[in-house]
Amino acid sequence: MADTFGELIEESAHAFTLILQGFTLIPITHYEIAFVCFLLIVIYNFLEFHFVHDVLTLFRGSPVSLTYNSASEIYHGVASRCHLLHGRYMATPWLSSPHVQTTFLNFHGRPPAVNYRRKLFHASDGGTFALDWLNSSDVLGDSTCEENAALRHDKTPILIVIPGLTSDSSSAYIKHLAYSTAERGWDVVVCNHRGLGGISVTSDCFYNAGWTKDTRDVINDLHREYPNAPLFAIGLSIGANILVKYLGEDGEDVPIAGAVAICSPWDLLIGSRFICRRTVQKFYDRALTVGLQEYAQLHQTLYSRLADWDGIVKSRTIRDFDNYATRLVGKFETVDTYYRHCSSAQYVTKVSIPLLCISALDDPVCTWEAIPWDECRANKNIVLAVTRHGGHLAFFEGLTASSLWWVRAVNEFLDVLHCSPFMHTQKKNPPHTGPESSVDQGPYVNVANGMVAAISNDAKEDAFERQKVNNESGADIVVPDAERVVPRSGGQTSVKTVDLNRIIKWLDQLFQQNRRSSWMLTYIAIISTLPLVGAGLYVLFRKKFNKIKLLK
């Protein structure tokens, strides 16, 4: 038995020896070809190439998916007439990867030559940032136009552009958009963020993902300066988040005729988790962090005083930078608090003007998981267009990759909207109070336009006025309407009349803050007190019930 076992081992060893000898007979070039093929497969999957799929579909591209409300006039009157939104998007074959597209856009992009005319905007808080204008005359060569973007009596449309994170008017995708829009006869103004475009920060305020004050001030100023020119706005990446948040905050009280949001992150908390989930996403996280550190380096004096400079230098992720810089400058309690307050997804339902949103499912920076599909479908003013491919702000098309698909789609949508009766006209709204959450209830934050200041809970006021009056015993009483409190002789206070409708409205608002209907609470109160009422009646009339029983 032992001999048989030993013979089997010898035969196995001999077989392995023969196999190894066979491998040595294979030419080394075959191994090199096999390694290259394996490497290509790994790279193909790692970089999410879709070239094979494009070949199998005969380079027809993928249809654009539209999400909208079935009763939306913006869709039926505007978007339904846009051929690009109802067509297919086919990426440039040699850029058939979201990562390759995004990288190519940032390092090359093939932007057209653009010469801006710069104006400085001075904010009320002492801040300064640049507005870079590109007039239609600069592209079309009309020398009869004035140097201003539009004359006060002119009706030339103006497109206001809000760039992405650490981007300014010199970015390739901004130049593509500005040149194409000016070529159509529109005027373009790029609203650079504070501290970018070669302008120093002149106040203790920096921009962030939810900083809407600069956008609001610029739009209102342009509306005053050019009252006859229809204003349109487009936000890109973080700029799209700022734009949608601004539109949701002000509702109908915006002088914007229509807007577009391209590759918005929507939910910053989801985005922060997504961008560090996979290895390939971590490259973007690191690259964006380096860009933020370079931005901070330009304004080191201020950041050293307002934030944690050592932490900024040591930051390895966007979240680290936001923790050591953005959070401290904006006076947010935590990074998650900053992300929650500044996310535009919670404002989507409050947008009251025509808004086109474009995103890509393979966006490597802003994940599709954060797209508020249901909220966009519920809002009749919004049309959401989602493509299968496109990367982040790229969407290159054609064999030469000389144009961006989303730029053509935006131009077509705005052209149709401008010629339609569905352009928005400004309507005054009451001051915006913003959505509330459990995070907001702490005594440390008061959110206004993306910035936070410390307050106490007692500083919160209701939507209507309250006034404290003293009764006869000297106790404080709160009445819903201050106008109905009149003094009596002798220093006493009385209520002249009581408006029941205002009281009911006040109670409804109070109940709605707890997310319960007033009628539901009333029903619960009645049902829960019936046993107590019955017991009380029985105790009061027990003797009468006993007499009735004796008589029977």
Practice problem: Could you give me the CA-CA distance, side-chain angles and deciding distance for Ser315 and Gln293, then say whether side-chain hydrogen bond (donor to acceptor under 3.5 Å, both in side chains) is met? | Solution: CA-CA 8 Å; Ser315 296; Gln293 288 175 323; 4.7 Å; no
Practice problem: For His108 and Phe104, run ring-ring contact (aromatic ring centres under 6.0 Å, His included): C-alpha distance rounded to whole Å, both residues' side-chain angles, the deciding distance at 0.1 Å, then the answer. | Solution: CA-CA 5 Å; His108 187 62; Phe104 183 78; 5.3 Å; yes
Practice problem: Could you walk me through whether Asp214 and Arg194 pass salt bridge (Lys or Arg N to Asp or Glu O under 4.0 Å), step by step? | Solution: CA-CA 9 Å; Asp214 289 346; Arg194 297 189 180 206; 2.8 Å; yes
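A donor-acceptor pair under 3.5 Å links the side-chain atoms of Asn192 to the main chain of Ser169, judged by distance alone. Using a distance-only test at 3.5 Å, with no hydrogens or angles considered, no donor-acceptor pair links the side chain of Ser167 to the main chain of Pro163. When atom types are taken as modelled, the side chain of Thr387 and the backbone of Gly390 share no donor-acceptor pair closer than 3.5 angstrom. Remark: the backbone N or O of Gly291 is not paired with any side-chain donor or acceptor of Thr166 at under 3.5 angstrom. Put simply, the side chain of His299 never gets that close to the backbone of Ser200: no donor and acceptor are under 3.5 Å apart. Judged by distance alone, with hydrogens and angles left aside, the side-chain atoms of Asp308 form no donor-acceptor pair with the main-chain N or O of Tyr324 at under 3.5 Å. Between the Asn323 side chain and the Arg319 main chain, no donor and acceptor come within less than 3.5 Å of each other. Put simply, the side chain of Ser264 never gets that close to the backbone of Ala261: no donor and acceptor are under 3.5 Å apart. Judged by distance alone, the side chain of Arg340 and the main-chain N or O of Asp267 form no donor-acceptor pair under 3.5 Å.
Inspection of the Gln297 and Gln300 side chains reveals an N or O donor paired with an N or O acceptor under 3.5 Å. When only modelled atom types and interatomic distance are considered, Asn411 and Ser180 share a side-chain donor-acceptor pair under 3.5 Å. Counted by atom type alone, Thr367 and Arg277 present zero donor-acceptor pairs between their side chains at under 3.5 Å. Side-chain contact of Thr92 with Glu397: a donor-acceptor pair under 3.5 Å is absent, judged by distance alone. Counting only N and O atoms by type, the side chains of Asp138 and Asn115 include no donor and acceptor under 3.5 Å apart. Side-chain contact of Thr337 with Thr334: a donor-acceptor pair under 3.5 Å is present, judged by distance alone. Side-chain polar atoms of His392 and Ser237 form a donor-acceptor pair below 3.5 angstrom.
Counting heavy atoms from C-beta outward, Met423 and Leu417 have side chains that approach closer than 4.5 Å. Leu247 places none of its side-chain heavy atoms less than 4.5 Å from the side chain of Tyr347. For the pair Val161 and Cys191, the minimum side-chain heavy-atom distance is 4.5 Å or more. No side-chain heavy atom of Thr102 sits less than 4.5 Å from a side-chain heavy atom of Leu393. Using a 4.5 Å heavy-atom threshold, the side chains of Trp406 and Leu356 count as separate. Counting heavy atoms from C-beta on, the side chains of Arg316 and Phe321 never come closer than 4.5 Å. Proximity of Asn135 to Val188: side-chain heavy atoms (C-beta onward) are nowhere separated by under 4.5 Å. The side-chain heavy atoms of Asp187 and Leu159, taken from C-beta on, include no pair separated by under 4.5 Å.
Summarising the geometry of Gln101 relative to Ala394, their closest heavy-atom pair is OE1-CB, 3.4 Å, with the distance given to 0.1 Å. The nearest pair of heavy atoms linking Val351 to Asn379 is O-ND2, 3.0 Å. Heavy atoms only, all atoms of each residue included: Pro354 and Phe422 are closest at CG-O, 3.3 Å. Residues Cys276 and Lys282 approach most closely at O-CE, 3.3 Å, considering heavy atoms. Contact detail for Asn241 and Cys342: the closest heavy-atom pair is ND2-O, 2.8 Å. Summarising the geometry of Gly210 relative to Lys245, their closest heavy-atom pair is O-NZ, 3.2 Å, with the distance given to 0.1 Å.
The stretch residues 163-195 participates, sequence neighbours left out, in these ring pair (Phe, Tyr, Trp, His ring centres under 6.0 Å) pairs: Trp186-Phe232, Trp186-His418, His193-Tyr207.
Other residues, nucleotides and ligands contribute over 12 non-hydrogen atoms within 6.0 Å of the OH atom of Tyr116. Sparse packing is recorded around CH2 of Trp368, with 12 or fewer heavy atoms of other residues, nucleotides or ligands lying under 6.0 Å away. Other residues, nucleotides and ligands place more than 12 heavy atoms under 6.0 Å from the CG atom of Asn45.
Evaluated for a ring pair (Phe, Tyr, Trp, His ring centres under 6.0 Å) with His99, the options Phe49, Tyr284, Phe283 yield exactly one hit, Tyr284. Exactly one of Leu134, Val139, Leu140 qualifies for a side chain to side chain contact (heavy atoms under 4.5 Å, CB included) with Ser136. That residue is Leu140.
Ring-centre distance between Phe206 and Tyr303: below the 6.0 Å cut-off.
Residues satisfying the side chain to side chain contact (heavy atoms under 4.5 Å, CB included) criterion with Thr128, sequence neighbours excluded, are Leu120, His122, Ile199, Thr202. Gln426 pairs by the side chain to side chain contact (heavy atoms under 4.5 Å, CB included) definition with His223, Asp253, Pro255, Lys428, not counting sequence neighbours.
Taking the charged nitrogens against the carboxylate oxygens, Asp204 and Arg305 do have a contact shorter than 4.0 Å, which makes a salt bridge.
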